[in-house]
Amino acid sequence: MMSKPSSLTLPRISITIALASLALLFTACGKKESVSTAAPAASAPASDAAGELDLSSDEQKLIYGIGYNIGSDLGQKVGFVIDQEAIKAGLTDALSASPSRITETELQAAMMAVQKKLMAAMEAEAKIKMAPGAEFLAKNKTREGVIETDSGLQYKIIKSGPEGGAKPKATDNVVVHYHGTLMDGSVFDSSVDRGEPAGFPVNQVIPGWTEALQLMSIGDTWKLWVPANIGYGPQSRPKIPPYSLLIFEVELIEIK
């Protein structure tokens, strides 16, 4: 089933969750874009000014573990190099009840600036990765029988059902047979190969499918070319790399 990709939402910004918010916001950014000159995290064991860090008590182990998990999460998901001295200073100031060195207004401005840089990096990455699909679609839409909609979806009618056949609405459930491939012909999902039709709500699949199904009538078989922006976009699925153009042959069997 071509399930609907999850959406990204902008979390509320506050002093205490700023970096964590960035981590959540940019989990879909597969390519790390460095916007800081700070050195990456060192691999040496943790230590304090007096020598090796004492982790003998359960409380110390717990606090260290919390810090380690936060650092791991940020390092993997934020999308830029973390300045360790800055994050240490923020923790130290907060734990010692010292005033913040930046205002909420400054933090929000910084968040917006970094967000803009990361979004630009994501858009540049998407354009590069979607280029082969875009080139293919530009040629494909000139072929006989291929129709392109405003969203960029392309389809070709292979077989038409009975004249005046019902068309599904977004709120309907449908039963279909489908065969999905990538541009190189590799199969990533196929109810045909499984030998059993699939059923699902029209509005719970990728946008390209939701659009196409509402244009089809019972008994129709169409070939679909679904660009990444109405497919899975930057998200990956089993056998589907990010920003993939998806190609389907779909037969609409039943509307429930």
Side-chain angles (χ1 to χ4, degrees), residues 1-8 26-33 79 118-160 168 170 174-217 220-253:
M1 181 192 302
M2 295 294 99
S3 57
K4 182 186 295 185
S6 60
S7 60
L8 293 178
F26 296 105
T27 52
C29 184
K31 181 179 180 182
K32 305 304 182 189
E33 179 73 9
L118 291 174
M119 291 301 292
M122 292 173 67
E123 289 171 2
E125 179 188 17
K127 186 174 182 179
I128 292 170
K129 292 191 174 181
M130 290 174 62
E135 183 178 352
F136 175 91
L137 291 169
K139 295 177 181 178
N140 192 59
K141 70 180 180 180
T142 65
R143 293 173 179 159
E144 184 178 358
V146 175
I147 300 170
E148 183 176 80
T149 70
D150 291 342
S151 70
L153 170 72
Q154 294 182 3
Y155 66 90
K156 182 176 181 178
I157 300 172
I158 298 174
K159 183 185 75 173
S160 294
V174 294
V175 177
V176 304
H177 248 323
Y178 65 91
H179 186 73
T181 63
L182 301 177
M183 286 176 58
D184 62 6
S186 60
V187 179
F188 57 82
D189 192 13
S190 175
S191 69
V192 175
D193 289 352
R194 291 192 296 272
E196 183 177 357
F200 43 77
V202 173
N203 61 6
Q204 292 300 310
V205 290
I206 56 176
W209 265 55
T210 297
E211 178 183 359
L213 287 169
Q214 293 179 86
L215 299 173
M216 299 176 70
S217 299
D220 284 358
T221 299
W222 287 13
K223 187 164 187 177
L224 309 179
W225 292 269
V226 181
N229 64 299
I230 53 173
Y232 286 118
Q235 300 182 33
S236 62
R237 288 291 187 275
K239 301 182 182 180
I240 304 177
Y243 301 106
S244 291
L245 167 66
L246 307 177
I247 303 171
F248 298 94
E249 188 168 310
V250 181
E251 177 189 5
L252 178 57
I253 300 173

Got a second to check how far Trp209's CH2 is from Leu153's CG, nearest 0.5 Å?
-> 12.0 Å

Could you name each residue pair satisfying side chain to side chain donor-acceptor pair (under 3.5 Å) that touches residues 144-153, not counting sequence neighbours?
-> Glu148-Gln154, Thr149-Ser151, Thr149-Glu211, Ser151-Glu211

Closest heavy-atom pair, His177 versus Ile253, reported as atoms and distance to 0.1 Å, is N-CD1, 3.8 Å

About how many Å separate CD of Glu251 and NE2 of His179, when rounded to the nearest 0.5 Å?
-> 14.0 Å

Arg237 side chain reached by Gln235 side chain, heavy atoms, under 4.5 Å | yes

Less than 4.5 Å apart, any side-chain heavy atom of Phe248 and any of Asp189?
-> no

Identify the two heavy atoms, one from Ala198 and one from Ser191, that lie closest to each other, and give their separation to 0.1 Å.
-> N-CB, 4.4 Å

Kindly give the heavy-atom pair with the smallest separation between Ile206 and Gly231, and that separation in Å.
-> CG2-O, 3.9 Å

Look up atom NZ in Lys129 and atom CE in Met122, then write down how far apart they are to the nearest 0.5 Å.
-> 10.5 Å

Going through the checks in order, is the side-chain contact (heavy atoms from CB on, under 4.5 Å) test met by Leu246 and Phe188?
-> CA-CA 9 Å; Leu246 307 177; Phe188 57 82; 3.9 Å; yes

Quick one: does Val176's side chain get under 4.5 Å of Leu252's, heavy atoms only?
-> yes

Beyond-backbone contact of Leu224 with Tyr178, side-chain heavy atoms, under 4.5 angstrom | no

Closest non-hydrogen atom pair, Pro132 against Met183 | O-CE, 3.7 Å

Is the backbone N or O of Val202 less than 3.5 Å from a side-chain atom of Thr210, with the two atoms forming a donor-acceptor pair by type?
-> yes

With side chains defined as the heavy atoms from C-beta onward, is the minimum distance between Val174 and Phe200 less than 4.5 Å?
-> yes

Are Glu125 and Tyr243 side-chain neighbours, meaning at least one heavy-atom pair lies under 4.5 Å?
-> yes

Calculate, to the nearest 0.5 Å, the distance between atoms CG and CG belonging to Leu245 and Leu182 respectively.
-> 8.5 Å

Minimum heavy-atom distance between Ile157 and Ser160, given as atom pair plus value | CG2-OG, 3.4 Å

Roughly how far, to the nearest 0.5 Å, is the OG1 atom of Thr221 from the CE atom of Met216?
-> 6.5 Å

